[in-house]
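Everything on this sheet refers to the single structure shown next.
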Amino acid sequence: MVDQNRFKRMVFLFVYGTLRKGAINFELMEKTNFKFIGVGETEEKFNLCIAHFFLNSPFLFKSSTEESSDHIKGDVYEIDESEFEWLDEFEKVPLLYKRITIMVNINASQLPCFVYILENHHQDLEKCLMISDYVEYCKSEKALLFYLPTDFKLEEEISAIKCK
């Protein structure tokens with residue numbers, strides 16, 4: 001009998017928003033076989049904004065300026081590459097996000113991790129509240145009590161965030 005686990009391709013995933021431990025969609029992560037590696041920080045600087053006009057959703061993107069950019073904290077998981085099917089659907093790829101590979105500093109080393117990033121973002125996002133740690137933000141007084149639900153499908157709202 002062939003061991004199917006032998007053929008799995010394991011990769012690393014960096015989550016920075018609602019899928020993090022302590023955030024509103026973490027329950028989805030608890031239902032998986034993902035192996036939690038630890039909390040890491042992006043090697044490169046990014047912008048992580050809270051779009052209050054878009055139901056308090058976190059969006060990660062690269063800015064044209066580094067003034068508001070920071071190293072972003074997130075959770076690192078080892079996952080089976082086949083899990084990207086549901087993750088891509090959850091993250092609305094390619095409608096909203098693109099999955100790319102970045103380097104993440106964790107446990108005194110660097111790991112190449114997949115992450116979901118907003119490409120070609122609307123300039124108004126750069127005026128939103130910028131943070132570096134979504135879980136800490138959720139604990140703060142600045143946090144609102146609503147978020148983007150997983151079944152949200154209004155393409156008009158998405159086009160307001162993403163430039164075509």
Is there a side-chain contact between His71 and Ser132 (heavy atoms, below 4.5 Å)? no
Is it the case that one hydrophobic cluster holds both Ile102 and Tyr77, taking links as side-chain heavy atoms less than 4.5 Å apart, direct or via other members? yes
Against Leu87, only a single residue in Val93, Leu13, Thr32 fulfils side-chain contact (heavy atoms from CB on, under 4.5 Å); can you say which? Leu13
Sorted by chain and residue number, the ring pair (Phe, Tyr, Trp, His ring centres under 6.0 Å) partners of Phe84 (sequence neighbours excluded) come out as Phe114
Are Asp80 and Arg9 close enough for a salt bridge, meaning some N to O gap below 4.0 Å? no
Just jot down the side chain to side chain donor-acceptor pair (under 3.5 Å) partners of Tyr16, sequence neighbours excluded, or say none. none
Under the side chain to side chain donor-acceptor pair (under 3.5 Å) test, residues paired with Ser140 that sit two or more places apart: none
Please name all residues satisfying salt bridge (Lys or Arg N to Asp or Glu O under 4.0 Å) with Glu136, sequence neighbours left out, ordered by chain then number. Lys139
Partners passing side chain to side chain donor-acceptor pair (under 3.5 Å) against Asp70 (at least two apart in sequence or in another chain): none
May I ask you to test the Thr18-Pro58 pair for a side-chain heavy-atom distance under 4.5 Å? yes
For Asp88 and Tyr116, does a side-chain donor sit closer than 3.5 Å to a side-chain acceptor? yes
Residues 10-26 vs salt bridge (Lys or Arg N to Asp or Glu O under 4.0 Å), sequence neighbours excluded, gives Arg20-Asp75, Arg20-Asp133
Going by the rule side chain to side chain contact (heavy atoms under 4.5 Å, CB included), which residues pair with Lys127 if we only count those two or more places apart in sequence or in a different chain? Asp124
Common cluster, Val76/Ile100, ILVMFWY with side-chain heavy-atom separation under 4.5 Å: yes
Assess the residue pair Leu60 and Val115 against the criterion (side-chain contact (heavy atoms from CB on, under 4.5 Å)); give the C-alpha distance rounded to whole Å, side-chain angles, the decisive distance to 0.1 Å, and a yes or no. CA-CA 9 Å; Leu60 185 72; Val115 67; 3.8 Å; yes
For residues Leu129 and Leu125: do they belong to one hydrophobic cluster (side chain heavy atoms under 4.5 Å, members Ile, Leu, Val, Met, Phe, Trp, Tyr)? yes
Show me the donor-acceptor pairs, under 3.5 Å and distance only, between side chains in residues 34-50 and residues at least two apart or in other chains.
residue: Thr42; atom: OG1; partner: Glu44; partner atom: O; Å: 2.7
residue: Thr42; atom: OG1; partner: Ile72; partner atom: N; Å: 2.9
residue: Glu43; atom: OE1; partner: Asn105; partner atom: ND2; Å: 2.7
residue: Glu43; atom: OE1; partner: Gln110; partner atom: NE2; Å: 2.8
residue: Glu44; atom: OE2; partner: Lys62; partner atom: NZ; Å: 3.0
residue: Asn47; atom: OD1; partner: Ser63; partner atom: N; Å: 3.4
residue: Asn47; atom: OD1; partner: Ser69; partner atom: OG; Å: 2.9
residue: Asn47; atom: ND2; partner: Ser68; partner atom: OG; Å: 2.7

All side chain to side chain contact (heavy atoms under 4.5 Å, CB included) counterparts of Glu27, not counting sequence neighbours: Glu30
side-chain contact (heavy atoms from CB on, under 4.5 Å) evaluation trace for Leu19 with Phe90: CA-CA 10 Å; Leu19 291 174; Phe90 175 80; 3.9 Å; yes
Which residues share a side chain to side chain contact (heavy atoms under 4.5 Å, CB included) with Lys31, sequence neighbours left out: none
